[in-house]
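Okay, so here's the structure we're looking at.
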Amino acid sequence: MKKMIYGLVGATASGKTGASIALCHALQGEVVCMDSMQIYRGMDIGTAKPTLAEQDGIPHHMLDVAEPTEAFSVTEYARMAHAAIQSIQTPVLVGGTGLYLQALSLPLDFGFTKGDDTVRAVYQKIADEQSNEALHALLDARDPPTAARLHPNDVRRVIRALEVYDLTGRPFSAQVMPSSEDAPYDFRLFALDMPRDILYQRIDQRVLTMLKDGLLDEVKALLDNGVPENAQAMQGLGYKELVPVLKGESTLKDATAYLQQRTRNYAKRQLIWFRRDTRIIWLPWDSKNLLEQMILSGENQ
RNA sequence: GCCUUGGUAGCUCAGUCGGUAGAGCAAUAGACUGAAAAUCUAUGUGUCGGCGGUUCGAUUCCACCCCAAGGCA
C-alpha cells in the first residue's frame, strides 16, 4: 500500500497557496513545497513564498532549505522532499515546478546521474567553436534515440545526454521513464483552472504588489550579501530582471513591464507542462466548494 | 500658417529602383530526467493612414486631405 499524497499544482498566481491552506486544515495535512525558487533563503517577496501569516499555523516543508549562493538541483530536491514526505502523516504537495513533480513520481531508489562541469565544458566548446549540429552528431553516434528526440539547438539537453553516456557508459534513452506504476506514492493531484486573461491580469498585478512590498530591496540585499549575479538563484523571475535596474542599466518601468511579460511566459509553460499530466484533476478556480471537490475527488480516485 | 521627417503585423521597425510585403518581440501550440522561475522548437493575410491621379498594374510615383513628432514664424 503506497502512501497517499495530495498535490496542488499549476501556474503561478493561480491561487495554489490559499487553496492549500484550506486543504491542510481540512485534512490535518502539512505542506511540502514543490518550487525551485522558494527553497532559497532570503528570497521571499519575489518567489511569493507564503508568509507566516499566510501559512496560518500549517507546517511547511521544503522552504528555505538552500543558500542562494549555492547551486541546487532536482536530485537534491527529490531526496529532501522524499524525506519530508516520509516524516509526516498527511503530506500536501504544493507548487508549480513540473520537473520536481516528475522527480517525485519516479521510483524511490532511482538515481539521476551526477553532472560533471568538466565534461560539460568540453561539449559546450564543441557547440561554440564548431556548431550545434556537430555536437548533435556526436550524440547521434552514441545514443540515436535520444538524438532523434532532441533538436540540435537544444544544446543543454544534448550535452546532458552526452554527459550521461560518458559517465555511466549507458545511453540516456535506457533510463527509466516515469509511470504511475513505478511511482512511490498514490498521487491525488489537482490544479486550478483559470481563464488565461484572468491569470495574466493577476500576474501583472502580483508583480506590482511585489515591487510595492520591496522586491527591489530584496534583490539588492542578495547582491550585497555576495550572491553572484549569475548564480542559479538569481535566474529566478523578479531577480534577473531587476538587477539591471540596480546597476542603472534599465528603468524600473521597463523592468517591471519585462518582468510581467516573463512571468506570463512562464505561467504558460507551466500550463503546458501540467496539461499533459493525465493524473491531474482540473477544478474551476472560482468554484464555491473547491475544498469539498478536492476531498471528494481525492477519496474517489 | 509654413518647412521637415514619419504613418507598413498587437508593439518596435525593415522593405518593395512600380508586379499586393518580412524580421525581432508579443501571442498561440508544443517539448522537457542532477540549471527547470532555466532551456529549446513550430506557427506570419496585414484596407502597407485616407481619397483621387498616372499606369496593364500603386503599399511604392504625383496631388490633396488626416494624424504624430520636430523646426520656423
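Every chain is numbered from 1, with letters handed out A, B, ... down the list of sequences.
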Do the rings of A:Tyr77 and A:Phe72 sit parallel, tilted or perpendicular, given the 30° and 60° boundaries? perpendicular
Counting only side-chain nitrogens and oxygens, does [X] get under 4.0 Å of the OP1 or OP2 atom of [N]?
X        : N     : result
A:Asn153 : B:U41 : yes
A:Tyr200 : B:U28 : yes
A:Gln261 : B:A27 : yes
A:Asn265 : B:A26 : yes
A:Lys240 : B:A38 : yes
A:Arg196 : B:A29 : yes
A:Arg156 : B:A38 : no
A:Arg120 : B:A35 : yes
A:Gln270 : B:A36 : no
A:Tyr100 : B:A36 : yes

Side chain of [X]: nearest nucleotide among [options]?
X        : options             : result
A:Arg269 : B:A29, B:A38, B:A27 : B:A38
A:Lys268 : B:A29, B:A36, B:A27 : B:A29
A:His151 : B:G30, B:U41, B:A38 : B:U41
A:Ile272 : B:U28, B:G34, B:G30 : B:G30
A:Leu99  : B:G34, B:A29, B:A36 : B:A36
A:Arg275 : B:G34, B:G30, B:U39 : B:G30

If you measure from the [atom1] atom in [N] to the same atom in [M], how many Å do you get, rounded?
N     : M     : atom1 : value
B:A14 : B:A27 : P     : 24 Å
B:U5  : B:C64 : P     : 14 Å
B:C56 : B:U47 : C1'   : 23 Å
B:G46 : B:G22 : C1'   : 11 Å
B:G49 : B:C62 : P     : 14 Å
B:G15 : B:G70 : C1'   : 25 Å
B:C25 : B:A9  : C1'   : 12 Å
B:A58 : B:A21 : P     : 14 Å

Using both pair distances under 3.5 Å as the test, note the stems of at least 3 consecutive Watson-Crick or G-U pairs that include RNA chain B. B:1-7 with B:66-72, B:10-13 with B:22-25, B:27-31 with B:39-43
With a non-hydrogen cut-off below 4.0 angstrom, is [X] in contact with a base, only sugar-phosphate, or nothing?
X        : answer
A:Thr263 : nothing
A:Gly238 : nothing
A:Arg160 : base
A:Phe72  : sugar-phosphate
A:Tyr77  : nothing

If you measure from the Lys or Arg side-chain nitrogens to the Asp or Glu carboxylate oxygens, is any gap between [X] and [Y] under 4.0 Å?
X        : Y        : result
A:Lys220 : A:Asp217 : no
A:Asp64  : A:Lys49  : yes
A:Lys247 : A:Glu229 : yes

Is the shortest side-chain heavy-atom distance between A:Leu139 and A:Phe172 below 4.5 Å? no
Are A:Leu290 and A:Trp285 close enough that some pair of their side-chain heavy atoms sits under 4.5 Å apart? no
Starting from the C-alpha separation in whole Å, work towards a yes-or-no answer on salt bridge (Lys or Arg N to Asp or Glu O under 4.0 Å) for A:Asp143 and A:Arg170. CA-CA 9 Å; A:Asp143 182 356; A:Arg170 299 174 63 224; over 6 Å; no
Just do the salt bridge (Lys or Arg N to Asp or Glu O under 4.0 Å) check on A:Arg202 and A:Asp204 with the steps written out, would you? CA-CA 6 Å; A:Arg202 284 168 60 106; A:Asp204 289 349; over 6 Å; no
